[in-house]
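Encoded as structure tokens, the structure appears first; notes follow it.
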Amino acid sequence: MDLPDVSLPDHGVPRAELFADLRARKTADADWRGGRTWSLVYPAGEDVDAVLKEANNLYLYENALNPFRFPSLADMEREVVAMTAGLLNAPAGASGSMTSGGTESIMQAIRVARDRAKAERGVTDPTLVVPRSAHPAFAKGAKYFGLELIHIPLADDLRADVNAAAELIDDRTALVAGSAPNYPHGVVDPIPELAALAAARDIPFHTDACVGGFLLPFMQDAPPFDFRVPGVTTMSADMHKYGYATKGASVLLHRNGDHVLQYQAFLYQDWPGGLYGSLALAGARPAAPIAAAWSVMRYLGTDGYTRLVNRILATATKIRTTLTDLDLKILGNPVASVIAFTAPEIMPIGDRLDDLGWHLDRQNHPDALHLMISPEHDRVIDTFLTDLRAATANPGTSRGAEARYS
């Protein structure tokens with residue numbers, strides 16, 4: 001990354017000038033408050049924003065590294081983990097921790113599985129078996145922690161192919177995983193079948209519910225994905241997605257709570273500073289996301305989350321109906337908030353929507369546009385669908401692929 005030609009100013013910038021600069025810079029950012037973004041930020045309403053702002057401000061400076069100095073943070077973290085465990089039907093004896101986001105939750109699950117495979121089964125050359133559609137955090141964890149990444153091909157419905165998975169899982173496998181739902185297509189992998197394959201070899205299984213952990217529990221007829229499925233040993237669920245907390249807040253859960261201290265925790269005392277312990281990859285941890293997660297969960301409750309999920313599902317139904325009417329192909333059978341769709345001229349359609357002020361992610365294999373629906377999108381959905389019809393009728397010429405981060 002090339003660095004700009006900027007140095008520390010000799011004299012401090014006056015506050016008014018400083019914040020005028022900040023506000024000017026923000027004008028180039030996507031308008032998520034106006035419902036113009038379809039990923040990255042998940043607005044749930046001004047009342048939720050107010051709760052988050054107050055909770056963040058109360059804990060803006062504290063450090064969650066030391067629970068003895070800030071016991072309120074330790075208590076709130078345990079309560080967030082406990083409430084999440086209840087939502088995901090974790091059994092008695094389960095435990096877990098908060099992390100900085102889904103990537104850390106997934107990477108910690110991989111590290112724990114790798115260490116378990118070595119300690120309990122003598123595996124020294126481990127593999128990680130995940131669907132081709134799994135989040136890149138799995139590839140990142142495999143690279144950082146020295147596992148060979150093995151992809152399960154996708155079946156015609158874009159879910160992991162169970163028969164193919166059976167051929168890829170062997171004695172070297174440290175962890176098998178599936179998504180609920182996956183990010184690219186919004187479909188839920190066949191979690192019971194994949195978990196059963198892993199359990200038959202005494203291999204851990206991870207359900208990546210970073211997207212769905214705070215959606216699927218509030219939906220009727222959600223596919224099986226949580227700790228009620230035999231063989232699911234760890235789960236990740238992002239508070240800063242559909243839990244509506246501020247970044248970065250996620251939860252990692254272990255069916256066997258003893259694994260938290262046995263494998264996840266890092267303890268060190270071979271230095272002059274005394275005992276150092278952490279469940280996280282980071283050392284110092286921001287306190288505000290913990291306070292925000294605890295506050296928003298308490299504020300919304302089951303009825304609040306259910307109300308927000310119903311808003312999302314109603315918007316998703318409108319989008320799917322319009323996509324079908326426009327002969328735009330929906331990829332797979334998405335179950336909740338994520339929809340990817342394609343057409344012969346899909347990238348020009350995306351460019352046209354960009355020109356109209358909308359921000360949709362691009363995907364490939366096949367080329368597609370990608371939506372993650374938030375509750376507040378119901379306020380702009382009619383305008384968006386009008387613009388989608390116009391873009392589909394007159395897409396123009398593609399300006400080329402655009403890289404996006406999720």
Checklist entry - Will you find, in the side chains of Tyr183 and Asp361, an N or O donor that is under 3.5 Å from an N or O acceptor? => result yes
Checklist entry - Looking only at heavy atoms, what is the nearest atom pair of Pro289 and Pro286, with distance? => result CD-O, 3.6 Å
Item to check | Atom pair CZ/CG of Arg389 and Asp325 - distance to nearest 0.5 Å | outcome: 7.5 Å
Item to check | Nearest atoms (heavy-atom pairs only) where Ala237 meets Gly213 | outcome: CB-CA, 3.9 Å
Item to check | Reported CG-to-OG1 distance for the pair Leu356 and Thr386, which is rounded to 0.5 angstrom | outcome: 10.5 Å
Next on the checklist: Can you confirm whether or not the ring centre of Tyr42 sits under 6.0 Å from the ring centre of Tyr244?
Outcome noted: no
Checklist entry - Would you call Lys53-Asp49 a salt bridge at under 4.0 Å N-O? => result no
Checklist outcome for this item: Exactly one candidate in Pro217, Ser179, Pro181 meets side-chain contact (heavy atoms from CB on, under 4.5 Å) with Phe225; the answer is Pro217
Checklist entry - Backbone N or O of Glu376 within a donor-acceptor pair of the Ser374 side chain at under 3.5 Å? => result no
Checklist entry - Between Trp271 (side chain) and Gly274 (backbone), is there a donor-acceptor pair under 3.5 Å? => result yes
Checklist entry - Do Phe384 and Trp38 have ring centroids that are under 6.0 Å from one another? => result yes
Checklist entry - How long is the gap from CH2 on Trp358 to CG on Asp31, to the nearest 0.5 Å? => result 9.0 Å
Item to check | Aromatic plane relationship, His259 with Tyr263 - under 30° parallel, 30 to 60° tilted, over 60° perpendicular | outcome: perpendicular
Next on the checklist: I'd like to know if the side chain of Glu104 reaches the main chain of Ser100, judged simply by a donor and an acceptor atom lying under 3.5 Å from each other, with no hydrogens or angles considered.
Outcome noted: yes
Checklist entry - Only one of Asp171, Thr173, Asp170 forms a side chain to side chain donor-acceptor pair (under 3.5 Å) with Arg201, so which one is it? => result Asp171
Item to check | Expected output: side-chain Lys247 to main-chain His240 donor-acceptor under 3.5 Å | outcome: yes
Checklist entry - Hey, is CZ on Arg298 packed in by over 12 heavy atoms from elsewhere, all under 6.0 Å? => result no
Item to check | Flag side-chain contact, heavy atom, 4.5 Å: Asp226 against Thr207 | outcome: no
Checklist entry - Going through the distances and angles, do Asp354 and Arg362 end up as a salt bridge (Lys or Arg N to Asp or Glu O under 4.0 Å)? => result CA-CA 11 Å; Asp354 281 349; Arg362 270 61 162 181; 2.8 Å; yes
Next on the checklist: If we count only N and O atoms by modelled type, under 3.5 Å, do the side chains of Ser72 and Tyr59 hold a donor and an acceptor together?
Outcome noted: yes
Checklist entry - Would you find more than 12 non-hydrogen atoms of other residues, nucleotides or ligands less than 6.0 Å from Asp156 atom CG? => result no
Item to check | Pairing of Asp378 and Arg311 as salt bridge, 4.0 angstrom limit | outcome: yes
Item to check | Ala160 versus Pro190, closest heavy-atom pair with distance | outcome: O-CG, 3.5 Å
Checklist entry - Salt bridge between Asp75 and Arg78, side-chain N to carboxylate O under 4.0 Å? => result yes
Checklist entry - Going by heavy atoms in the side chains, are Tyr276 and Gln269 under 4.5 Å from each other? => result no
Checklist entry - Does the ring centre of Tyr305 sit less than 6.0 Å away from the ring centre of Phe218? => result yes
Next on the checklist: Tell me whether Arg172 at atom CZ has more than 12 heavy atoms from other residues, nucleotides or ligands lying less than 6.0 Å away.
Outcome noted: yes
Item to check | Contact check, side chains of Ile319 and Ile381, non-hydrogen atoms, under 4.5 Å | outcome: yes
Next on the checklist: Please determine whether side-chain contact (heavy atoms from CB on, under 4.5 Å) holds for the pair Leu279 and Leu252, giving the CA-CA distance in whole Å, both sets of side-chain angles, and the decisive distance to 0.1 Å.
Outcome noted: CA-CA 11 Å; Leu279 295 178; Leu252 171 64; over 6 Å; no
Item to check | Expected output: side-chain Thr342 to main-chain Asp367 donor-acceptor under 3.5 Å | outcome: yes
Item to check | Spacing of Leu323 atom CG and Ile330 atom CD1 [to the nearest 0.5 Å] | outcome: 5.0 Å
Next on the checklist: Taking the basic N atoms (NZ, or NE/NH1/NH2) and the acidic carboxylate oxygens, is any pair closer than 4.0 Å for Arg285 and Glu77?
Outcome noted: yes
Checklist entry - Got a second to check how far Leu40's CG is from Met372's CE, nearest 0.5 Å? => result 9.0 Å
Checklist entry - Yes or no on side-chain contact (heavy atoms from CB on, under 4.5 Å) for Cys210 and Ile106, after CA distance, side-chain angles and deciding distance? => result CA-CA 9 Å; Cys210 288; Ile106 289 168; 4.2 Å; yes
Item to check | Closest approach of Thr127 to Leu147 (non-hydrogen atoms, all atoms of both residues) | outcome: O-CD2, 3.9 Å
Next on the checklist: Could you go through Ser97 and Gln264, starting from their C-alpha distance and side-chain angles, then the distance that decides it, and tell me whether this counts as side-chain hydrogen bond (donor to acceptor under 3.5 Å, both in side chains)?
Outcome noted: CA-CA 10 Å; Ser97 66; Gln264 184 181 332; 2.9 Å; yes
Item to check | Distance, nearest 0.5 Å, that separates CD1 of Ile150 from CD of Glu167 | outcome: 12.5 Å
Next on the checklist: In the structure I gave you, are the side-chain heavy atoms of Met76 and Leu73 within less than 4.5 Å of one another anywhere?
Outcome noted: yes
Checklist entry - His185 and Gln363: side-chain donor and acceptor closer than 3.5 Å? => result no
Checklist entry - For Tyr144, does the OH atom sit with more than 12 other heavy atoms under 6.0 Å from it, leaving out its own atoms? => result no
Next on the checklist: Can you confirm whether Lys329 is buried at NZ, in the sense that more than 12 heavy atoms of other residues, nucleotides or ligands lie under 6.0 Å from that atom?
Outcome noted: no
Item to check | For Leu65 against Gly283, the heavy-atom pair lying closest together | outcome: CD1-O, 3.4 Å
Next on the checklist: Taking the side chain as everything from C-beta on, heavy atoms only, tell me whether Pro131 gets closer than 4.5 Å to Leu154.
Outcome noted: yes
Checklist entry - Relative to each other, are the rings of His206 and Phe138 parallel, tilted or perpendicular (30° and 60° limits)? => result perpendicular
Next on the checklist: Leu371 vs Val338, test: side-chain contact (heavy atoms from CB on, under 4.5 Å). Steps then yes/no.
Outcome noted: CA-CA 6 Å; Leu371 300 165; Val338 179; over 6 Å; no
Checklist entry - Heavy-atom distance under 4.5 Å between the side chains of Thr392 and Glu345, does that happen here? => result no
Next on the checklist: Can you confirm whether more than 12 heavy atoms, excluding those of Glu120, are under 6.0 Å from its CD atom?
Outcome noted: yes
Checklist entry - Hey, does the side chain of Arg255 reach the backbone of Ala90 with a donor-acceptor pair shorter than 3.5 angstrom? => result no
Checklist entry - What are the two closest non-hydrogen atoms of Val51 and Ser295, and how far apart are they? => result CG1-CB, 3.9 Å
Next on the checklist: Less than 4.5 Å apart, side chain to side chain, heavy atoms only: is that true for Ile312 and Tyr242?
Outcome noted: yes
Next on the checklist: Test your reading of the model: is there a side-chain donor-acceptor pair from Asp238 to the backbone of Gly102, 3.5 Å cut-off?
Outcome noted: yes
Item to check | Side-chain donor/acceptor of Asn56 to backbone N/O of Leu52, under 3.5 Å | outcome: yes
Item to check | Non-hydrogen side-chain atoms of Arg114 and Leu175 separated by less than 4.5 Å | outcome: no
Next on the checklist: If the test is side-chain contact (heavy atoms from CB on, under 4.5 Å), which one of Thr234, Thr233, Val232, Val81 qualifies with Leu253?
Outcome noted: Val81
Checklist entry - Between the side chain of Arg121 and the main-chain N/O of Arg116, is any donor-acceptor distance below 3.5 Å? => result no
Next on the checklist: I'd like to know if Arg69 pairs up with Glu62 as an ion pair, taking the criterion as any Lys NZ or Arg NE/NH1/NH2 lying under 4.0 Å from an Asp or Glu carboxylate oxygen.
Outcome noted: no
